[in-house]
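Below you'll find the structure, written out as structure tokens, and then a few comments.
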Protein chains: 2
Amino acid sequence: MRTPQAPIATPPSDPKGTVESQSTSGGHSVRTRSQHQRRKRIVQAAAALASRGGVEAMQMRTVAERAGVALGTLYRYFPSKMDLVVAVVGEEIDLLESSIERRPPSASTPAGRAVDVLMRATRGLMREPELADALIRSLIMAEVDTPFGERMTGLLLRVSADGLTRERATEVQLDLAGSLSSVWVQELLEMLRGRRTYEQIQRRIDLAADRLVNDL
Amino acid sequence: MRTPQAPIATPPSDPKGTVESQSTSGGHSVRTRSQHQRRKRIVQAAAALASRGGVEAMQMRTVAERAGVALGTLYRYFPSKMDLVVAVVGEEIDLLESSIERRPPSASTPAGRAVDVLMRATRGLMREPELADALIRSLIMAEVDTPFGERMTGLLLRVSADGLTRERATEVQLDLAGSLSSVWVQELLEMLRGRRTYEQIQRRIDLAADRLVNDL
DNA sequence: CCGCAAACTAGAACAGATTCTAATCTGTGT
DNA sequence: ACACAGATTAGAATCTGTTCTAGTTTGCGG
């Protein structure tokens, strides 16, 4: 019975999401420490299971067991399975981001770089269809604010607008990034339904990018 | 445990979906008669529940009860809840189609007529957000071939290509219809997340249609 | 009217997500 | 070291989709 508002997973009793520093200073509510470990173990276990049998194989009991925490604890960290899925998906994006840092897209035009990123993500997802499935579903179904669409759009924005963050991008750039990631999601869906090959997706993303560029 | 292939709901033991005629002739397997009634009662009950609390309120036990059939029977007609949702959604499209027959879109350009249809559908959906939610989700999640996307695309095709059926439409027209309904779905999603108003959707659909037209 | 296969029914059973409980553990302030 | 709040745990309990069972009903061919 999903309640309208389900806060995203953060170590227990952490008002804002910004827990990082404080080593010996005036802490007062955050248990940070083994909790980060625990959270990591959980997401790891979940990811491992998901990359096998997909979301189905990622059963809450099993995740808890593998992560070595009680079911109740798992639920304290992730109020619903969807939240956990979203977290796993987040990890995946981290990977993509660091991959892009390591080897930035080389295309010369903004749209080209955006396409490059999307196709790289596509290849990554094709390697683990089960996870891709979970990702797409979570992306679309999430009632909570999906961090995924936002992040992917931001990512596209950065590579296409070359270092700009969302706030500084022009409306036009935002539109490019947003539209492209929309199209991409649609294509991924089709792929999951077995109606697209990698090549087809590439062609269509290219096409969409071209169109957008012409429109601007 | 969703098995890969879940046939869409049709009165029991009905090989092809084309059951209509035969009144006294060589029938042999179809029980048609009260079964159509039963099916209708089920979908009706389901729709009623869904238009209240959404998919969540549409519990299989409750649906069966309200429809006056046993749970097992419900499952005989609709092998999974998703199938039932799809059926309910189908009803909704029927409504849209007949509405369009009654009062065809008046715009002068093909794209204009397509936009007209989409916006009419949008208004209808906004009236029952819970159902809209169910619709969109089912549309996107369905593992079975979603009849929804197909039907909506076909509908757009008919109004935009003015009487042509799918087979006769040019690739270009197909693309128009397909792209528009993609965009529309995305916009509806945003609306459900509270990030779009009717006006915004209208503006964006218009824009998308314009773009497409220019591309053709 | 008879017999049979398919459809239907009531209800138990099962599965996995989510919630709840009672007891224990941990970290922090005093 | 002591006390307390919040975190964790094991496990029972609940909820809802889905499956299964055994018995009954229905419609049709003979």
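To find a chain, count down the sequence lines: A is the first, B the second, and so on, and within it residues start at 1. For clarity, every value in this text was computed on a predicted model and none was experimentally measured.
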Check: Of all residues at least two apart in sequence or in a different chain, which pass the side-chain contact (heavy atoms from CB on, under 4.5 Å) check with A:Glu65?
Finding: none
Item checked: Partners passing side-chain contact (heavy atoms from CB on, under 4.5 Å) against A:Arg102 (at least two apart in sequence or in another chain) -> A:Ser98, A:Ser99
Next item on the list: Tell me, please, which residues at least two apart from A:Thr122 pass side-chain hydrogen bond (donor to acceptor under 3.5 Å, both in side chains).
Entry: A:Trp184
Next item on the list: Identify whether any heavy atom of A:Arg61 sits under 4.0 Å from a base atom; if not, whether one sits that close to sugar-phosphate; answer base, sugar-phosphate or nothing.
Entry: base
Check: To the nearest Å, how far apart are A:Met82 CE and C:dG16 P?
Finding: 18 Å
Next item on the list: Report the end-to-end axis angle of the helix from C:dC1-D:dG30 to C:dT30-D:dA1; each axis comes from five terminal pairs, and the value is rounded to 10°.
Entry: 10°
Next item on the list: Return the value, rounded to whole Å, for the distance between atom CG of A:Leu74 and atom P of D:dT9.
Entry: 10 Å
Next item on the list: Name all residues meeting the side-chain contact (heavy atoms from CB on, under 4.5 Å) criterion together with B:Glu199; count only those two or more places apart in sequence or in a different chain, and write none if there are none.
Entry: B:Thr197, B:Arg203
Next item on the list: For DNA chain D, determine which residues of residues 42-53 of chain A have any heavy atom closer than 4.0 angstrom to one of its atoms, and list them numerically.
Entry: none
Note to self: Can you measure A:Gln59 atom CD to C:dG16 atom C1' for me and round it to whole angstrom units?
What the structure shows: 6 Å
Check: Is there side-chain contact between B:Met58 and B:Thr62, with at least one heavy-atom pair below 4.5 Å?
Finding: no
Check: According to a strict under-4.0 Å criterion, is B:Gln35 in side-chain N/O contact with OP1 or OP2 of D:dT26?
Finding: no
